[in-house]
Every structure is written in C-alpha cells, then in structure tokens.
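The next block holds one structure in the form of structure tokens; read it before the comments.
Order of appearance sets the numbers: ligands from 1, and atoms from 1 within every ligand. Just so it is clear, the values below take in all heavy atoms, side chains as well, and ignore hydrogens, waters and symmetry mates.
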Amino acid sequence: MFRPFAYEALPMRVIFEEGAVSHVAAEADRLGMKRALVLSTPEQVSQANTIAALLGSVSVGVFSRATMHTPNDVTEAALELVRSAAVDGVVSIGGGSTIGLGKAIALRTDLPQIVIPTTYAGSEMTPILGETRDGEKVTQRTLKVLPETTLYDVTLTLSLPVSLSATSGMNAIAHAVEGLYAEAGNPIISLMAEEAIAALASALPIIVKNPRDIEARSKAQYGAWLCGVVLGSVGMALHHKLCHVLGGSFGLPHAETHTVILPHAVAYNAAAAPEAMSRVARALGVSDAAGGLYDLANTLGAPITLAQLGMKESDLDRAADLATARPYPNPRPLERGAIRGLLDDAFHGTRPHTVSQRGVAA
Ligand code: NAD
C-alpha cells in the first residue's frame, strides 16, 4: 500500500561518458555562452586550464581560488572578474567547493553553469548552496543555483586520492541513506537511493585497491550522481544535522565527518525506520544497516573515530546541545541523552549498536 507522496523532478541535463569533457564547447554553445569563466581550486588549476583550452575562444580565463564552504570574500573576488570580463556563463571543474563557488555566482547573476564534478559529493545535482560569511555558514535552497548541465567524465576522478575517494563516497552514501527515511521521501527517490548505495558499496573497495580501475570508478560516479539527486530532492535528517554542527562549530573536515557519523546516526534511527534499514542492508548485502556501514568504512581504511578527526571529548556535550537546540524532522524523536551517547560511540569508534539492542524505545 503506497502512502501518499509528492515527487518533483529537477530540470537538468547530464552527459555521462568517459571523455565527456570533449563536449564542453558544444554544451557551452548550447547554453549560449560566448564568454565563459572556468572555476577551480588552486590544486586543480591544471585541469581547469585543460577545460579552458577545450573552450577555446569562448574561455575568458580561469579563476582558481575556490575554497571549502564558499567564503563570501572569494565569491566577491570572482564576481569582480565576472563583471570586468563580461562573463556570460561559468564552468566549474572540481568537487563541492568549486561547484559551490559556481552556484554562488549563479545566485547573484543568474548566469548558466556547466559543472564537471571530480569528487562524489553530489553538489552538482542540488539546488542547495551553503556560504560562509564572517565565519558563519548559511545554507539555502533555490532553483537559481541548480546547474544547467553536468558532464560526468570518469577519467577526471582517477586522480582523486584513495582516502578522499573513500570518504567522499561515504559522504554520498549518507545522502542516499537519509533520503530513504526522509519526511518527504517517495518511491522514485528511494529507488535511486538503494541503487546508489549498492553501486558505491561495491565500487569503493575496488577503488581503494586500484584507484585507476575505470569500471569501479564509473560505478562510483554513477552512484554519486544518484546520491546527489536524492540530496537535492528530499530533506535530510539527524545525520546531516550532526555533520553540519561538527563541521560548522568544531571545524571538522566535511567528508571524513560524514564517514564517522553515518553508522551511528543510522543505529540511532534504526528502530524508527525499519523499511529504510532493510533497503540499506539489502544494498550493502548485509543483515544490519548500521553495522554494515561501519564495516564498509573500516574496509576502506577510512577514519572511524571523531578523535581521529581532531574532535575534543570535552566538546561532545556542546555538540549534543547544538544538534538538539531546534527541532527538525527525523524518524526517531531527538533525545539529547541518546544523541550524546551516539556522539560518544562515534568519538571512540565503537561498532554501532542498533537501538533495539540497547533497549531504547524508538
Ligand atoms: P572539495 O571540493 O573541497 O575537494 C577537496 C580537495 O580535493 C580539493 O583540494 C580539490 O581540489 C581536490 N580534488 C577534487 N577532486 C579531485 C581529483 N579528482 N583529483 C585530485 N584532487 C581533487 O571536496 P568535496 O567533498 O567534493 O566538497 C566539499 C564541499 O562541498 C563542502 O563545502 C560541502 O559543504 C559542499 N557540498 C555541498 C553540497 C550541496 O548540495 N550544496 C553537496 C555536497 C557537498
């Protein structure tokens, strides 16, 4: 029996192909770009130069100062260039940091965006933008920032270091997991979420052994795409809230924090979201979703404790307070004491107990 649902598809064009960057000039033309600015982080400037060369005379140059969490001063510097060079479109090559800068420009100018993702974070598929001003990160959801075109070119992910491949992949899986128990969840998004978890969970262990395995890289990129659609389509819950608190207030690294927290957030919600749990477990090929996610992170050699990420045990109380200060949708009600326990498990990297094993009512 279906429960009622609303489903809204996000308008975007995707080309998924090994060597897809070769289409960038044609795609720029399709969007009417005559003067495109290529965006990247300082570390990816050579990839950005390659894209600029492919764009030929349409490229007005590369702005390579993209930074994690989209600081406002970087956006302002890029906007100066957009104005002075009469830029009419942006091409972002990189992970969530670079894509965030492209979105911040689009928010203020309505310029079209082509995105060429090189991590598994999934920002290219979402109408979400988080920006930092005076040290505070503010997130908004608006179709103005949704990129028009995404080129998925697996060859660009081959250089993604093994550690970042593992944590970026777990970050993507977190979007799919929370999509399965989202308040506005629906059967279409759940199909994508389960498929995405299965694709990433089977590809990531192969990538860790051989980062240049093109099949596994393609499968991971496909999974990450679907995870991004899930993130862009339905609201997230406790897991993302905890990661936002730990990243925003305690400076913990984005993808690593998702990796450590996910099994524990899933254990917290397990009894309250049994159907989601069975789909996560089925996608992982295990019987217990939380334990399976913990084991996957371990297999990938990813961090499994908050202590490894630089969290102080003395800050766990404040983190629990911040994560429960305001209400938000979550399958299991927010209980400050149990969330403090979850953080304790994550701090020490204890293999998660499901809620029923702990005897805590959902
Ligand atoms: P990132 O973009 O910060 O990249 C991390 C580092 O890896 C950078 O130095 C980058 O240049 C480098 N890198 C990326 N791809 C590479 C490759 N293929 N080879 C070698 N080096 C490579 O990391 P991320 O995890 O993709 O993005 C994190 C940011 O994105 C955070 O600010 C997060 O909040 C945001 N984000 C936003 C959304 C959204 O929907 N708005 C979704 C996910 C993440």
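- For ligand 1, the polar-atom distance check against Gln44 finds a nitrogen or oxygen pair separated by under 3.5 Å.
- His69 places no side-chain N or O within 3.5 Å of a backbone atom of Gly100 that could act as its donor or acceptor partner.
- The part of Leu231 lying near ligand 1 is the side chain, judged by heavy-atom distances below 4.0 Å.
- Of the inter-residue distances, the one linking Arg336 atom CZ with Asp321 atom CG reads 4.5 Å to the nearest 0.5 angstrom.
- Taking only nitrogen or oxygen atoms, main chain and side chain alike, Ser97 reaches within less than 3.5 Å of ligand 1.
- Looking from atom 20 (C) of ligand 1 to the surrounding protein, the closest heavy atom is Ser159 O, 3.5 Å.
- Protein heavy atom nearest atom 21 (N) of ligand 1, with residue, atom name and distance: Pro161 CD, 4.3 Å.
- Shortest non-hydrogen contact noted between Gly349 and Tyr294 is O-OH, 2.6 Å.
- Put simply, the side chain of Lys103 gets close to the backbone of Ser123: a donor and an acceptor are under 3.5 Å apart.
- Atom 40 (O) of ligand 1 has its closest protein heavy atom at Thr126 OG1, 2.6 Å.
- Residue Thr157 places no N or O, backbone or side chain, under 3.5 Å from any N or O of ligand 1.
- Separating the CD atom in Gln113 from the CE atom in Met12 is a distance of 10.5 Å, to the nearest 0.5 Å.
- Of all the atoms in ligand 1, the ones that sit under 4.0 Å from a non-hydrogen atom of Lys103 are 39 (C), 40 (O), 41 (N).
- Residue contacts with ligand 1 for Thr41 involve side-chain atoms from C-beta outward but no N, CA, C or O (heavy atoms, distance under 4.0 Å).
- Considering both main-chain and side-chain atoms, Gly130 never comes within under 3.5 Å of ligand 1 through any nitrogen or oxygen pair.
- Side-chain contact annotation: Tyr268 with Glu335, donor-acceptor N/O pair under 3.5 Å absent.
- Interatomic distance, Leu252 CG to Thr257 OG1, rounded to the nearest 0.5 Å: 4.5 Å.
- In terms of polar-atom proximity, Asn171 is not counted as a contact of ligand 1, lacking any N or O under 3.5 Å from an N or O of the ligand.
- A side chain to side chain contact (heavy atoms under 4.5 Å, CB included) with Glu131 is found for exactly one of Val74, Thr70, Thr139, Val138, namely Thr70.
- In terms of protein heavy atoms, atom 33 (C) of ligand 1 is closest to His254 CE1, 3.5 Å.
- Taking all heavy atoms of Lys137, Met125, Gln140 into account, the minimum distance to atom 34 (O) of ligand 1 is reached by Lys137.
- For ligand 1, the polar-atom distance check finds no N/O of Ala121 at less than 3.5 Å from any of the ligand's N/O atoms.
- Under the 3.5 Å distance criterion, with hydrogens and angles disregarded, no donor-acceptor pair is assigned to the side chains of Thr98 and Gln44.
- At a threshold of 4.0 Å, the pair Asp344-Arg340 counts as salt-bridged, since one of the basic side-chain nitrogens sits closer than that to a carboxylate oxygen.
- Of the protein's non-hydrogen atoms, the one nearest atom 24 (P) of ligand 1 is Gly96 N, 3.5 Å.
- Near Gly95, the atoms of ligand 1 lying under 4.0 angstrom from a non-hydrogen atom of the residue are 2 (O), 26 (O).
- Close contacts between ligand 1 and Ser123 involve ligand atoms 37 (C), 38 (C), 39 (C), 40 (O), 41 (N), 42 (C) [criterion: under 4.0 Å to a heavy atom].
- What sits closest to atom 9 (O) of ligand 1 on the protein, heavy atoms only, is Glu43 OE1, 3.0 Å.
- In this structure a side-chain-to-backbone donor-acceptor pair under 3.5 Å is present from Ser165 to Leu160.
- Ring-centre distance between His244 and His240: not below the 6.0 Å cut-off.
- Among protein heavy atoms, atom 5 (C) of ligand 1 sits closest to Leu164 CD2, 4.0 Å.
- The nearest heavy-atom contact from the protein to atom 28 (C) of ligand 1 is Met68 SD, 3.7 Å.
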